[in-house]
Enquirer: 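Please find one structure pasted underneath; my questions will follow.
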Amino acid sequence: LPFSTTANLRPGAEQKVVFITARVHPGETPSSFVCQGIIDFLVSHHPIAKVLRDHLVFKIAPMLNPDGVYLGNYRCSLLGFDLNRHWANPSLWAHPTLHGVKELIIDMYNNPKINLEFYIDIHAHSTMMNGFMYGNIFEDEERFQRQAVFPKLLCQNAEDFSYSSTSFNRDAVKAGTGRRFLGGLLNDTSYCYTLEVSFYSYILAGAAPAVPYTEEAYMKLGRNVARTFLDYYRLNSLVEGPLPPTPKTR
């Protein structure tokens, strides 16, 4: 079952939902550390986390491919499927996690009391450095420009996130991915991304040497992803200061 933060919403308040998934590819272990950073920050006592819980609903499925992870597979599930190519028509028998998550997303999308505004699928990349995002291409230029806002804000908050490596595409090979499929399904107020993070290192602005990623650095990126929603929704004025340092993930 997905992890969810809903307890603090005011009764009758519009539910703005951020849906996050991770580890659809078992070998991409950094995605789990990034996701852990997001979860641990959101349930912490940090003032920013409290404001986020009061105004947004976070639905998080931290592991979409548990059988593949258990078996030590790099990319596939127990039955040999790359689950990130089967979002269009997942089978309850062959792709049960995708089937369940997709049904939940569609139910929320069809609920007039819920506005599903973000879908972020977390991966790891074997050749590129830093964190970066993939987004979709839209015919509507305004929607395309609005889609760039979140990664630009994340770039300001996370020193290891690269907006220059972030790209928007309509690659036919990726048509069955969560980002592509849900980007075509949801309405024009929803934004779907793949969040990638390097397997090995990042380069800071103006610095030549690459910095090796650690588990803590991955989790810090996750905390910064969560914090960026404060900027995106302009909730900064609601945070009581002075702010304590961001807690490290356990």
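All residue numbers in this chain count up from 1 along the given sequence. Given the structure is predicted, the values throughout are model-derived calculations rather than measurements.
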Enquirer: Working to the nearest 0.5 angstrom, can you tell me the gap between Lys152 NZ and Cys155 SG?
Expert: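 Spacing of NZ (Lys152) from SG (Cys155) equals 10.5 Å.
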
Enquirer: Is any side-chain heavy atom of Ser44 less than 4.5 Å from a side-chain heavy atom of Asp40?
Expert: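 Contact flag for Ser44/Asp40 side chains = no.
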
Enquirer: Going by the side-chain contact (heavy atoms from CB on, under 4.5 Å) test, name the single residue among Ile60, Val101, Val57, Ile120 that passes it with Phe19.
Expert: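 It is Val101; the other options fail the test.
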
Enquirer: Suppose we call two aromatic rings close when their centres sit under 6.0 Å apart. Are Tyr233 and His55 close by that rule?
Expert: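 No, the ring of Tyr233 stays outside the 6.0 Å limit from the ring of His55, centre to centre.
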
Enquirer: Just checking, is any N or O donor in the side chain of Glu117 or Tyr232 under 3.5 Å from an acceptor N or O on the other one?
Expert: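 On atom types as modelled, these side chains do not qualify, holding no pair under 3.5 Å.
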
Enquirer: Does the side chain of His25 pick up a donor-acceptor pair with the side chain of Asn73 at under 3.5 Å?
Expert: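 Their side chains do not contain a donor-acceptor pair, so the 3.5 Å distance test is not met.
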
Enquirer: Is the His86 to Phe81 ring centre distance short of 6.0 Å?
Expert: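 Yes; Phe81 has its ring centre under 6.0 Å from that of His86.
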
Enquirer: I'd like to know whether the aromatic ring centres of Phe132 and Tyr134 sit less than 6.0 Å apart in this structure.
Expert: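 They qualify: ring centres under 6.0 Å apart.
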
Enquirer: Among side-chain atoms of Thr127 and His125, is any donor-acceptor pair under 3.5 angstrom?
Expert: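 Yes, side-chain donor-acceptor contact under 3.5 Å.
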
Enquirer: OG1/Thr228 to CG/Leu154 distance, rounded to the nearest 0.5 angstrom?
Expert: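 Taking OG1 in Thr228 and CG in Leu154, the distance rounds to 4.5 Å.
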
Enquirer: Is there side-chain contact between Leu195 and Phe161, with heavy atoms separated by less than 4.5 Å?
Expert: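 They are in side-chain contact.
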
Enquirer: Between Tyr119 and Tyr191, is the ring centroid distance below 6.0 Å?
Expert: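 So the answer is no for these two rings.
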
Enquirer: Of all residues at least two apart in sequence or in a different chain, which pass the side chain to side chain donor-acceptor pair (under 3.5 Å) check with Ser164?
Expert: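 Residues passing side chain to side chain donor-acceptor pair (under 3.5 Å) with Ser164: Ser162.
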
Enquirer: With sequence neighbours excluded, tell me which residues meet salt bridge (Lys or Arg N to Asp or Glu O under 4.0 Å) with Asp67.
Expert: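 Salt bridge (Lys or Arg N to Asp or Glu O under 4.0 Å) list for Asp67, sorted by chain: empty.
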
Enquirer: Go through the side-chain N and O atoms of Asp121 and Thr21 and say whether any donor and acceptor fall under 3.5 Å apart.
Expert: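 On atom types as modelled, these side chains qualify, holding a pair under 3.5 Å.
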
Enquirer: Phe229 versus Phe150: any side-chain heavy-atom pair under 4.5 Å?
Expert: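 Heavy-atom side-chain distance check passes, below 4.5 Å.
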
Enquirer: Please identify which of these residues, Val51, Leu52, Ile48, meets the side-chain contact (heavy atoms from CB on, under 4.5 Å) condition with Leu238.
Expert: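 With Leu238 as partner, Val51, Leu52, Ile48 yield a single side-chain contact (heavy atoms from CB on, under 4.5 Å), made by Val51.
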
Enquirer: Would you say Glu28 and His123 are linked by a side-chain donor-acceptor pair, where the criterion is simply a distance under 3.5 Å?
Expert: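 Yes, side-chain donor-acceptor contact under 3.5 Å.
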
Enquirer: Applying side chain to side chain donor-acceptor pair (under 3.5 Å), can you list everything that pairs with Asn89, at least two apart in sequence or on another chain?
Expert: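 Partners of Asn89 by the side chain to side chain donor-acceptor pair (under 3.5 Å) criterion come out as none, since no residue qualifies.
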
Enquirer: Consider only side-chain N and O atoms of Ser32 and Arg23, and report whether a donor and an acceptor are under 3.5 Å apart.
Expert: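 Their side chains do contain a donor-acceptor pair, which is all the 3.5 Å distance test asks for.
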
Enquirer: Considering the options Tyr213, Tyr202, Tyr218, which one meets the side-chain hydrogen bond (donor to acceptor under 3.5 Å, both in side chains) requirement together with Asp160?
Expert: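 Among Tyr213, Tyr202, Tyr218, the one that satisfies the side-chain hydrogen bond (donor to acceptor under 3.5 Å, both in side chains) with Asp160 is Tyr213.
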
Enquirer: Using a strict cut-off of less than 4.0 Å between a Lys/Arg side-chain nitrogen and an Asp/Glu carboxylate oxygen, indicate whether Lys220 and Glu215 qualify as a salt bridge.
Expert: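 Looking at Glu215 together with Lys220, the answer is no, because their closest N to O distance does not fall below 4.0 Å.
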
Enquirer: Using a 4.5 Å cut-off on heavy atoms from C-beta on, say whether the side chain of Val17 contacts that of Leu56.
Expert: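 Not in contact.
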
Enquirer: Heavy-atom distance under 4.5 Å between the side chains of Asn115 and Gln15, does that happen here?
Expert: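 The answer is no, as the side chains (C-beta and beyond) never meet within the 4.5 Å cut-off.
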
